[in-house]
Amino acid sequence: QVQLVESGGGLVQAGGSLRLLCAASGLRLSNYLMGWFRQAPGKEREFVSGIDWSGRSTDYEDSVKGRFTISRDNAKNTVYLQMNSLKPEDTAVYYCAADGSVVLTRRGSLYDYWGQGTQVTVSS
C-alpha cells in the first residue's frame, strides 16, 4: 500500500521558517517526480514546488521563489520543503504528491499519489 506522510507543519510567526517532510512507503521514491501543493481555506489547491528524480531539476511557483527550497533524499525515501521568510499568505494545508511520469508538471491532476496534508499557519 502506497503512503505519503507529511510532517513538520505548525504555527510560526511571519518571517520564521519551517521544514516540511514527506515520507514515502510502498513505493520507491526515486522512480517518481515529486511535488508540493497547498490549499488555503476557500481557495483552490495550487502548485508550490516540484523536483525531478535526481533532484537536479526543480520548479517553484513565483510567490515562493527565493524563499522555499525543495530537495529529496532517495535513500531515505523522503522529500523536503524548506520554507523561509514565511508570510501570512503562506498559510494553508500543504500536500506532497508523487508523479510517475517523465515530465515535471504543475498539474495536480497528473500526480498519482497524495499525502493527507500538514497544516502550516503563519501569524502576522
Please name all residues satisfying side-chain hydrogen bond (donor to acceptor under 3.5 Å, both in side chains) with [X], sequence neighbours left out, ordered by chain then number.
{"X": "Ser54", "answer": "Asp52"}
{"X": "Thr69", "answer": "none"}
{"X": "Glu61", "answer": "Ser63"}
{"X": "Asp73", "answer": "none"}

For Leu110, the hydrophobic cluster (side chain heavy atoms closer than 4.5 Å, chained through members) also holds none
Taking the hydrophobic residues Ile, Leu, Val, Met, Phe, Trp and Tyr, and joining any pair whose side-chain heavy atoms are under 4.5 Å apart, which ones share a cluster with Val5?
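The other cluster members (ILVMFWY side chains, heavy atoms under 4.5 Å, direct or chained): none.
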Please list, one pair per line, the donor and acceptor atoms closer than 3.5 Å that link side chains of residues 79-88 to other protein atoms, with sequence neighbours excluded.
from	atom 1	to	atom 2	distance (Å)
Gln82	NE2	Asn84	OD1	2.9
Asn84	OD1	Ser17	OG	2.9

Which pairs would a plain distance check flag for residues 40-50, meaning a side-chain donor or acceptor within less than 3.5 Å of a matching protein atom at least two apart in sequence or in another chain?
from	atom 1	to	atom 2	distance (Å)
Glu46	OE2	Arg38	NE	2.6
Glu46	OE2	Arg38	NH2	3.1
Ser49	OG	Asp59	O	2.9

Shortest non-hydrogen separation from Ser123 to Leu11 and the atoms involved:
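Minimum heavy-atom separation between Ser123 and Leu11: CB-CD1, 4.4 Å.
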Looking at [Y], is its backbone amide N or carbonyl O close enough to the side chain of [X] to form a donor-acceptor pair, meaning the two atoms are under 3.5 Å apart?
{"X": "Tyr32", "Y": "Tyr113", "result": "no"}
{"X": "Asp112", "Y": "Gly100", "result": "yes"}
{"X": "Thr105", "Y": "Val103", "result": "no"}

Taking side chain to side chain contact (heavy atoms under 4.5 Å, CB included) as the test, write out the residues that go with Ala24, two or more places apart.
Leu4, Leu27, Leu29, Asn77
When you group the ILVMFWY residues by side-chain heavy-atom contacts below 4.5 Å and let the links chain together, are Leu18 and Val64 in the same group?
yes
How about [X] and [Y]: do any of their side-chain heavy atoms sit closer than 4.5 Å?
{"X": "Trp36", "Y": "Glu6", "value": "yes"}
{"X": "Val120", "Y": "Thr91", "value": "no"}
{"X": "Leu20", "Y": "Thr118", "value": "yes"}

Can you tell me how far the [atom1] atom of [X] sits from the [atom2] atom of [Y], to the nearest 0.5 Å?
{"X": "Ile51", "Y": "Ser57", "atom1": "CD1", "atom2": "OG", "answer": "8.5 Å"}
{"X": "Tyr95", "Y": "Gln116", "atom1": "OH", "atom2": "CD", "answer": "9.0 Å"}
{"X": "Gln13", "Y": "Thr121", "atom1": "CD", "atom2": "OG1", "answer": "13.0 Å"}

How are the rings of Trp114 and Phe37 set to each other: parallel, tilted or perpendicular (split at 30° and 60°)?
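Ring orientation, 0 to 90° scale: tilted.
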Once the angle between the rings of Tyr94 and Phe68 is folded into 0 to 90°, is it parallel (under 30°), tilted (30 to 60°) or perpendicular (over 60°)?
tilted
Among residues two or more places apart or on two chains, list those pairs meeting side chain to side chain donor-acceptor pair (under 3.5 Å) that have a residue in residues 18-31.
none
Among residues two or more places apart or on two chains, list those pairs meeting disulfide bond (SG atoms under 2.5 Å apart) that have a residue in residues 41-90.
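Pairs touching residues 41-90 that pass the test: none.
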Quick test of your reading: applying disulfide bond (SG atoms under 2.5 Å apart), list the pairs with at least one residue in residues 74-124, sequence neighbours left out, ordered by first then second residue.
Cys22-Cys96
